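Worksheet for the structure shown next.
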Amino acid sequence: MSDLGPLTQAIKDGDRGAAEAQTQAAIDAGTSAQDILSALTDGMDDVGRRFKAAEIYVPNVLIAARAMNVSMALLEPQLVKEGIEPSCTVLVGTVEGDLHDIGKNLVAMMWRGAHFGVVDLGTNVSPDDFVKAAKETGATLCGLSALLTTTRSAMRTTIEAIREAGLTDLKVIVGGAPITQEYADEIGADGYAPDAGSAVEVARSLANV
Ligand code: B1M
């Protein structure tokens, strides 16, 4: 396994070029996708801590997020490589009003790696767009992500729209920093996952695969 310290540092620094080079070097060295992913998230966690402590500001965070996205684009085929045929279709999106997508992208990548056919609807997805996509794809699962306490309520309205549309078999999984099991229960979600790793377990359990 290659030394992943420089990769974590590249994310902390928001250095896109170094992030790309270090990710590619780690892949070429045969480092596991999971280890590379951990190095990336360690870097982003540090960015989050410094942002919270007002040591850095929104532009720094954006730059780090872009570096992480460049690395994630390179890593995605490695995570997907283990897949044979997707076991079922899974929708994923960040709810209306919320533009955070790094955690949602991680969940989508982990689900792809677990052989789910992922349809990523992006960020700021309205309840109607979730319903429309569910009808079009015949999805089995729908993952909702929210990072803001102010957008948590969009999860409730999305679940209500899904139920009102008669999509009773579509299982909804919620997650994101301000979400708890208690809140998931309160809004009638079928599952809650605190992180991208457990999102795989929850999805497998709900989809019976
Ligand atoms: Co924002 N932001 N942000 N931000 N941002 C937070 C979330 C915040 C906690 C920072 C802080 O104040 N300490 C705070 C929210 C406070 C709150 O509501 N409680 C905040 C704020 C306030 C804002 C703005 C309002 C700032 C402003 O403009 N004044 C604004 C809102 C914009 C909007 O959405 N409408 C804003 C904007 C931004 C950027 C655009 C600059 C950027 C987003 C870039 C992007 O996503 N492309 C950004 C970032 C990067 C952050 C922090 C620093 C990092 C978030 C992140 O990507 N973490 C964050 C502070 C922090 O987290 N400490 C912060 C890494 C990621 C891997 O973790 O997303 O939690 P996370 O995902 C985890 C789990 O939560 C879980 O699995 C993931 C991996 O294990 N998970 C799921 C997530 N979704 C899941 C779905 C599942 C299951 C698990 O099933 C479907």
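FYI, side chains are in, hydrogens and waters are out, and symmetry mates aren't considered; it's all heavy atoms of this structure. Computed from a predicted structure; not experimentally measured. Indexing begins at 1, ligand by ligand and atom by atom, following the structure's order.
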What closest approach, in Å, do [X] and [Y] show between heavy atoms, and which atom pair accounts for it?
{"X": "M68", "Y": "L40", "value": "SD-O, 3.9 Å"}
{"X": "V70", "Y": "R16", "value": "CG2-CD, 3.6 Å"}
{"X": "L167", "Y": "A134", "value": "CD1-CB, 3.8 Å"}

Side chain, backbone, both or neither: V107 near ligand 1, heavy atoms under 4.0 Å:
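Contact part for V107 vs ligand 1: side chain (C-beta onward).
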Which part of P194 is near ligand 1, with near meaning a heavy atom under 4.0 Å away: side chain, backbone, both or neither?
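The backbone, only.
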Polar atom proximity, [X] to ligand 1 (N or O, under 3.5 Å):
{"X": "D101", "result": "yes"}
{"X": "A146", "result": "no"}
{"X": "G97", "result": "yes"}

Can you tell me if T94 and T123 form a side-chain donor-acceptor pair at under 3.5 Å?
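The criterion, which ignores hydrogens and geometry beyond distance, is not satisfied for T123 and T94.
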For the residue pair D35 and S32, confirm or rule out a side-chain donor-acceptor distance under 3.5 Å.
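Result is yes, a qualifying pair exists.
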Any Lys/Arg nitrogen of [X] or [Y] sitting under 4.0 Å from an Asp/Glu carboxylate oxygen of the other?
{"X": "R163", "Y": "D169", "result": "no"}
{"X": "K12", "Y": "D42", "result": "no"}
{"X": "D46", "Y": "R50", "result": "yes"}

Nearest non-hydrogen contact with [atom] belongs to which option: [options]?
{"atom": "atom 23 (C) of ligand 1", "options": "L144, N69, L148, N105", "answer": "L148"}
{"atom": "atom 51 (C) of ligand 1", "options": "H100, R66, E96", "answer": "H100"}
{"atom": "atom 19 (N) of ligand 1", "options": "L91, I102, T149", "answer": "T149"}
{"atom": "atom 73 (C) of ligand 1", "options": "C142, A54, G103", "answer": "G103"}

Does ligand 1 have an atom under 4.0 Å from some heavy atom of L147?
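Yes; L147 lies near enough to ligand 1 that a heavy-atom distance drops under 4.0 Å.
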Please identify which of these residues, V95, T157, L144, meets the side-chain contact (heavy atoms from CB on, under 4.5 Å) condition with P127.
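For P127, the side-chain contact (heavy atoms from CB on, under 4.5 Å) test succeeds with only one of V95, T157, L144, which is T157.
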Numbering the atoms of ligand 1 from 1, which are under 4.0 Å from a heavy atom of [X]?
{"X": "A193", "result": "88 (C), 89 (C)"}
{"X": "G176", "result": "75 (O), 81 (N), 82 (C), 83 (C), 84 (N), 85 (C)"}
{"X": "I173", "result": "90 (O), 91 (C)"}
{"X": "G175", "result": "82 (C), 84 (N), 85 (C), 86 (C), 87 (C), 88 (C), 89 (C), 90 (O)"}
{"X": "D98", "result": "34 (O)"}
{"X": "G143", "result": "91 (C)"}

Determine whether L148 and H100 satisfy the following criterion, side-chain contact (heavy atoms from CB on, under 4.5 Å), listing intermediate values before the conclusion.
CA-CA 9 Å; L148 300 170; H100 295 85; 3.7 Å; yes
